[in-house]
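Here is the naming used below: chain letters follow the sequence lines, and residue numbers restart at 1 for every chain. Bear in mind that the values here come from a model prediction, so they are computed numbers and not experimental data.
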Amino acid sequence: MPLKVYNSLTRQKEEFVPINAPYVGMYVCGPTVSGESHLGHARPYVTFDVLYRYLMQNGYKVRYVRNLTDAGHFEEEGREAEDKISKKAILEKLEPMELVQKYTNLYHWAMTRLNNLPPSIEPTATGHIIEQIEMIKTIIADGYAYVSNGSVYFDVEKYNTDYSKKGQPYGILSGRVLDDQLDTTRELDGQDEKKDKSDFALWKNAPPEHIMRWQSPWGEGFPGWHIECSAMSTKYLGEEFDIHGGGMDLQFPHHECEIAQSTVCNHKMPARYWMHNNMITINGRKMGKSYNNVIKLSELFSGAHPLLLQAYHPMTIRFFILQSHYRGTLDFSNEALQASEKALKRLMEAYEWIVIQSGVGGLESGVDKALDEKVLKLVGEFEEFMNDDLNTAKVVANMFELSSVINSIKDKHIANNALSSTTVGILQQQLKLYVEDILGLTNERANDDGKLDGVLQLLIDIRKEAKSRKDFVTSDKIRNELAALGVQLKDEKDGGVSYMIA
RNA sequence: GGUCCUGUGGCCGAGUGGCUAGGCAAAGCUCUGCAAAAGCUUCUACAGCGGUUCGAACCCGCUCGGGACCUCCA
């Protein structure tokens, strides 16, 4: 049962076969650290984190490269040749690198809270200026770029003409035909530097006020937007690697340009499998700066945003993302997030209970055969669903069905020995694998060295005593006031009491 | 204008030519000192209109609605 992933390049699901098993090279476009990450950013990083985890679980040795764009590029090509990062730095009266550091720290903090594993390499654009310049030199030498006024542009027309013959036209990834592109009515100055409107910058001449600038054979300037990913992916993953991921909005022009640049330099399509996650929407509209509808991750975690009815735990966000398929849009709403919060709580409670049980399950004989088979089927499908283009939504759905069974055993609605001990063992092991290691879901409970637990047990004991002498005023006071503090007590069937911290 | 995606029950979301996920919400029941939690049960949907088919939410066509990309973007 091989892993199949949807390849944007071929527009179909394909079996994943690494170029050089067991090694897998994976490149994912990281953020521009000129601002804080928002909910939309969480999606690719959670999605590809799950893929990373799953590949490793399957025995692959994965090198996961996720870049940090800290050099910025001009905001609107040809019009305002200004480095995005230095522009904002002036506004905030910060050194550009101070700004970069600040937002990098915030980004790392958010990634950690979302329980995304750090990538193997997190290269920065500013740390690879030399590699980028070298690559541009090669492209010029091959005749696919030209210098104009201290800037260097990629000759899209020529590339398209030559490489169409080799079956790799410009637009192969996004399905665009060069001539059908929209004729921008907008007046772009600097357009006259380019031979053709679809040409894109590899290197930009820096105007005097531009803070971030580097020496190059073409004068002082800064790299164009697309070249960093080509340079860094080539450097760390080679001329041809396995997976290239990112948001759907990067498919054109970013990834298209990457393909063109890398192909000219390395004479190879850089990546075999191109994977794109879809957007997170809000009221049906893509979340993005230009739409003015972003909710930053820090706001989500704290609840400090007019659109938010409450704070949402990072795990709730992660779970929210995992409940849908990565190639579909996912619509944000408080209602949806609240549903995820409750659902996750239910799932994790069942999970945590079953995983620490011993002595559940009976001998093969006397087992409820139908139920036993059902459980095995549900568990067995985890892999099947993951292999079907990472269908985490279905994996999660099965987990809920299993939760019902687990809770029934816990509440003794289903006999302790209804499942065979073998099946229970498999259930425990597979749940742990998928919940924690692959989906990366963790317990939300705060780590407090057990002190809080000690205090709560004391209160639980006092309440128990009160209940036994029918002093319900006292017992309800404890229960209700703890509830007001966000600690929910639960009376179990066997007379025990457990608690849950909201 | 070009390219493409999409419309599923109160809400979020899977899915596939026939077996009709899952979660949240709601209602009833069980349990409980009362609750909560948990369990059980109920709620059965696929924008509209045609067509293909023994059979379509799933395939095709049209209509209507929503969205993305073509510019920085996860």
So, using side chain to side chain contact (heavy atoms under 4.5 Å, CB included) as the criterion, who are the partners of A:Glu373 when residues are at least two apart?
A:Lys369
Residues at least two apart in sequence or cross-chain that pass side chain to side chain contact (heavy atoms under 4.5 Å, CB included) with A:Asp471, listed by chain then number, are A:Ala466, A:Arg469, A:Val473, A:Thr474
Nearest whole angstrom, please: distance from the [atom2] of [N] to the [atom1] of [X].
| X | N | atom1 | atom2 | value |
| --- | --- | --- | --- | --- |
| A:Glu335 | B:rG13 | CD | P | 11 Å |
| A:Leu371 | B:rG39 | CG | P | 14 Å |
| A:Ile227 | B:rC72 | CD1 | C1' | 18 Å |

Contacts of type salt bridge (charged side-chain N to carboxylate O under 4.0 Å, His left out), residue A:Arg113, not counting sequence neighbours:
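Partners of A:Arg113 under the salt bridge (charged side-chain N to carboxylate O under 4.0 Å, His left out) test: none.
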So which protein N/O to nucleotides 15-22 of chain B N/O distances come out below 3.5 Å?
unit_1 : atom_1 : unit_2   : atom_2 : d
B:rG15 : OP1    : A:Asn391 : ND2    : 3.3

With sequence neighbours left out, which residue pairs that include part of residues 317-341 of chain A fulfil the ring-ring contact (aromatic ring centres under 6.0 Å, His included) condition?
none
With the criterion being N/O to N/O and under 3.5 Å, what pairs connect the protein with nucleotides 25-29 of chain B, and how long is each?
unit_1 : atom_1 : unit_2   : atom_2 : d
B:rA25 : OP1    : A:Lys342 : NZ     : 2.9

Could you run down the sub-3.5 Å N/O contacts of the protein with nucleotides 66-69 of chain B?
unit_1 : atom_1 : unit_2   : atom_2 : d
B:rG67 : OP1    : A:Arg285 : NH1    : 3.4
B:rA68 : OP1    : A:Tyr291 : OH     : 3.0
B:rC69 : OP1    : A:Lys286 : NZ     : 2.5
B:rC69 : OP2    : A:Tyr291 : OH     : 3.3
B:rC69 : O2'    : A:Arg176 : NH2    : 2.7
B:rC69 : O2     : A:Arg176 : NH1    : 3.3

Ring centers of [X], [Y] separated by less than 6.0 Å:
| X | Y | result |
| --- | --- | --- |
| A:Phe301 | A:Trp109 | yes |
| A:Tyr45 | A:Tyr107 | yes |
| A:His255 | A:His226 | no |

Looking at RNA chain B, which of residues 37-55 of chain A put a heavy atom within less than 4.0 Å of it?
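Result for residues 37-55 of chain A: A:His38, A:Gly40, A:His41, A:Pro44, A:Tyr45, sorted by number.
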Just the dot-bracket of RNA chain B, please: which string comes out with Watson-Crick or G-U pairs under 3.5 Å, [ ] for crossing, | for another strand?
(((((((..(((.....[...))).(((((.......)))))....(((((..]....))))))))))))....
Which residues share a ring-ring contact (aromatic ring centres under 6.0 Å, His included) with [X], sequence neighbours left out:
| X | answer |
| --- | --- |
| A:Tyr312 | none |
| A:Tyr6 | none |
| A:Phe382 | A:Tyr434 |

Could you check whether the side chain of A:Asp491 and the base of B:rA35 have a donor-acceptor pair of N or O atoms closer than 3.5 Å, going by distance alone?
yes
For A:Leu250 and A:Phe472, find the nucleotide of RNA chain B closest to each by heavy atoms; which residue's nucleotide sits nearer the 5' end?
A:Phe472
